[in-house]
Amino acid sequence: MARDHYEVLGVDKKASEEEIKRAYRKLARDYHPDRNPGDAKAEERFKEIGAAYEVLKDPEKRKEYDSGGVFGGFGRGGAPGGGFAGAANVGDIFSTIFGRGGRGGPEPMRGRDLETEIPLSFEQAMEGAQIPVTVPKQSTCPTCHGDGAAPGTEPIVCPRCEGRGVDAQSQGFFSISQPCPQCGGRGEIVEHPCPDCRGTGLTLQRKRYRVNVPAGVKDGTRIRLAGKGEDGPLGGPSGDLFVTTRVAPSPVFHRRADGNLEVEVPITLSEAIGGANIEVPTLRGTKRIRVAPGTQHGTIQRLRGEGPPRPNTRERGDIHYKLEVEIPKDLDDKQREALAELSRSRDGRDPRARILAGARQADRSGESGKVGAA
C-alpha cells in the first residue's frame, strides 16, 4: 500500500509550503531518471515523490488529505475515504479532471528529438563499430540544477495564484480556470534568475556519446539513442537522438538491392574459353572460384555466407561475382593467326544465324499479310 505522503518527502506534518517544496526539489533531483539511468527503484521512488508533492503542495488537497478524505484514504494506504474506490493513482484522477493534477498549469514538456550523421568506412559498416559523436543540445543547467534560480536562492511561490498555477474566476455556478498570468502557470516565480541559464533552467551544452553501429548497416540507416535528445523544460523527459549512417563507397564491392554484395571480376578470353581457377576478393581476404569452360560475359557466380552480416541474425549474406570477359584491343601477328585458326576450326559458324533467320521469317510473314490484304 502507498506510504504516507509526509513520510515520502521526509517532512513533518506541520511543515510549511516552503519546507515541503525544498524537500521535494532535493529528492526529485536525487532520484531523477537522468541521474539514475536504468535504475527501476529510483524511477519508482521519483514517481512516489511526485505523487506525494502533488497532494501536499496544494492547500485544499493537503487539507483533505489530513482530514482522511479522498486524498487521505489513498495516501495512507487505508480504505478510500471517498467515491473513488479501486482507483490506482490519485494524481491520474485529478490530471484527468483538471489537468496537471488540478493545477491547470503547463505540463512538463518532452525535450526535442535531435538528428545528426556519422561517417563510416565501408569496413566499419560491414564489421560494426563504436563511433563517438558530439552534439550541441539544451541540457539541464548545472548551476541551478534546472530550477532557474541563482545559486543560494530558490523560486518563490507565486503571490497571485499561491502556487496553484491557475487563476480561477467564478461565474455563477461555474468556475473558469486559466494559467496564472503572473507566473505563466508554473506556480512559482524566479526573482533572482540563474546567471548561466537566465532563469530557463536549460543551457546549450556539447554532449559526447558513443554510437554502437551494428555490423552490416547500409548507408542512410537511422540509429536511435533513447533519452539522448534535449532535456525537457519544467523537468520533462528528454527527447531522443537519431544518428544517420553515411557509409563511404568501396572501390571493390557494390551493395545490391537485396543486401548482398557484388564484385565485377575481369577474366581473360582464354580463361573464359578454356576455364580456370581464379582468385577473388572477400570481406576477410581472398578465395578461389572455378570459371567453367565456355563462360559467357556477364555470368554471375556466388559465394554463400561471405557477404555482410544480416541484421538481427547470426547469418551473413552472399557475394556475387560478375565475370566480365576482357577483349584484347591490340593483337600481334601471331595472336591474329591463332584467332583465325580458332575461327576456321569452328567451320565458319555464324553465331548470329539463329536471330537473323528469325528476323527473315518475320519479314516474310509481314509481306504475305500485305499481299492478302490487297
Side-chain angles (χ1 to χ4, degrees), residues 33-34 36-44 110-111 113-135 137 207-229 237-267 271 275-292 295-324:
D34 288 348
N36 304 274
D39 189 337
K41 290 184 178 180
E43 184 176 353
E44 287 301 317
R110 182 178 182 275
D113 292 336
L114 297 177
E115 301 249 1
T116 190
E117 296 182 351
I118 53 172
L120 296 173
S121 68
F122 184 79
E123 291 73 21
Q124 287 175 320
M126 291 298 100
E127 299 303 324
Q130 275 198 344
I131 306 297
V133 60
T134 301
V135 292
K137 52 178 279 190
K207 296 290 185 177
R208 185 178 175 88
Y209 304 110
R210 296 192 72 83
V211 183
N212 290 317
V213 179
V217 298
K218 299 179 181 180
D219 182 67
T221 298
R222 294 179 87 221
I223 301 173
R224 174 176 171 261
L225 276 64
K228 302 304 182 184
S238 299
D240 299 330
L241 172 62
F242 292 91
V243 180
T244 302
T245 59
R246 292 303 173 203
V247 181
S250 167
V252 176
F253 301 97
H254 307 284
R255 199 76 181 251
R256 291 164 50 102
D258 59 8
N260 294 314
L261 299 180
E262 185 172 285
V263 183
E264 296 175 354
V265 181
I267 59 174
E271 288 172 334
N277 286 316
I278 64 171
E279 190 176 22
V280 293
T282 69
L283 292 175
R284 301 168 179 174
T286 63
K287 284 197 172 184
R288 301 191 74 85
I289 63 173
R290 173 66 179 166
V291 176
T295 292
Q296 302 297 305
H297 180 83
T299 297
I300 299 289
Q301 290 194 201
R302 177 171 58 175
L303 278 180
R304 295 181 181 274
E306 292 292 335
R310 298 192 185 279
N312 304 318
T313 71
R314 296 183 179 180
E315 300 178 353
R316 299 182 74 97
D318 306 328
I319 301 181
H320 297 248
Y321 297 96
K322 185 178 181 181
L323 306 180
E324 299 187 336

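Computed from a predicted structure; not experimentally measured. Start at 1 with the first residue, then count along the sequence.
- Side-chain N or O atoms of Asp240 include one that pairs as donor or acceptor with a backbone N or O of Gly227 at under 3.5 Å.
- Shown here for Ser121 and Ala248, the closest heavy-atom pair between the two residues is CA-CB, 4.4 Å.
- Taking OG1 of Thr282 as the reference point, atom CD1 of Ile289 lies at 11.5 Å (rounded to 0.5 Å).
- At most 12 heavy atoms of other shown residues, nucleotides or ligands fall within 6.0 angstrom of atom CD in Gln296.
- When each of Arg255, His320, Lys322, Arg256 is checked for a side chain to side chain donor-acceptor pair (under 3.5 Å) with Glu262, only Arg256 meets the rule.
- Across all non-hydrogen atoms, the minimal contact from Gln301 to Val291 is OE1-CA, 4.0 Å.
- Between the side chain of Arg288 and the backbone N or O of Asn277, at least one donor-acceptor pair lies under 3.5 Å.
- Between the CZ atom of Arg284 and the OG1 atom of Thr286 there is a distance of 13.5 Å, given to the nearest 0.5 Å.
- Within the model, atoms CE of Met126 and CD of Glu123 stand 9.0 Å from one another, a figure rounded to the nearest 0.5 Å.
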Intermediate values then yes/no, side chain to side chain contact (heavy atoms under 4.5 Å, CB included), Val280 and Val263: CA-CA 9 Å; Val280 293; Val263 183; over 6 Å; no
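- Between Glu115 and Thr244, the closest heavy-atom pair is OE1-OG1, 4.2 Å.
- Side-chain N or O atoms of Ser250 include one that pairs as donor or acceptor with a backbone N or O of Val252 at under 3.5 Å.
- When side chains are defined from C-beta on, Val213 counts as touching Ile118, because their heavy atoms get closer than 4.5 Å.
- Using modelled atom types, no side-chain atom of Thr295 and backbone atom of Gly275 make a donor-acceptor pair closer than 3.5 Å.
- When side chains are defined from C-beta on, Leu120 counts as touching Val217, because their heavy atoms get closer than 4.5 Å.
- Side-chain contact check for His297 versus Glu324: some heavy-atom pair is nearer than 4.5 Å.
- Within the 4.5 Å cutoff, no side-chain heavy atoms of Val243 are placed close to those of Ile131.
- Without hydrogens or angle criteria, Arg110 side chain to Pro237 main chain gives no donor-acceptor distance under 3.5 Å.
- With sequence neighbours excluded, the residues that form a side chain to side chain donor-acceptor pair (under 3.5 Å) with Lys137 are Tyr209.
- Looking at every heavy atom in both residues, Gly259 comes nearest to Pro308 through O-CG, 3.2 Å.
- At distances below 3.5 Å, not a single donor-acceptor pair connects side-chain atoms of Asn260 with backbone N or O atoms of Ile319.
- Taken from CZ in Phe242 to CG in Leu225, the straight-line distance is 9.5 Å, to the nearest 0.5 Å.
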Run the side chain to side chain contact (heavy atoms under 4.5 Å, CB included) check on Leu283 and Leu261 step by step: do they pass? CA-CA 10 Å; Leu283 292 175; Leu261 299 180; 3.8 Å; yes
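- The pair Arg246-Asp219 meets the salt-bridge criterion, since a charged nitrogen lies less than 4.0 angstrom from a carboxylate oxygen.
- Considering all non-hydrogen atoms of both residues, Ala276 and Glu271 come closest at CB-CG, 3.9 Å.
- Pairing each heavy atom of Gly317 with each of Arg310, the nearest pair is CA-NH2, 3.5 Å.
- Residue-environment remark: CZ (Arg304) stays at or below the threshold of 12 foreign heavy atoms within 6.0 Å.
- A donor-acceptor pair is defined here as one N or O able to donate and one able to accept, closer than 3.5 Å; no such pair exists between the side chain of Tyr321 and the backbone of Thr299.
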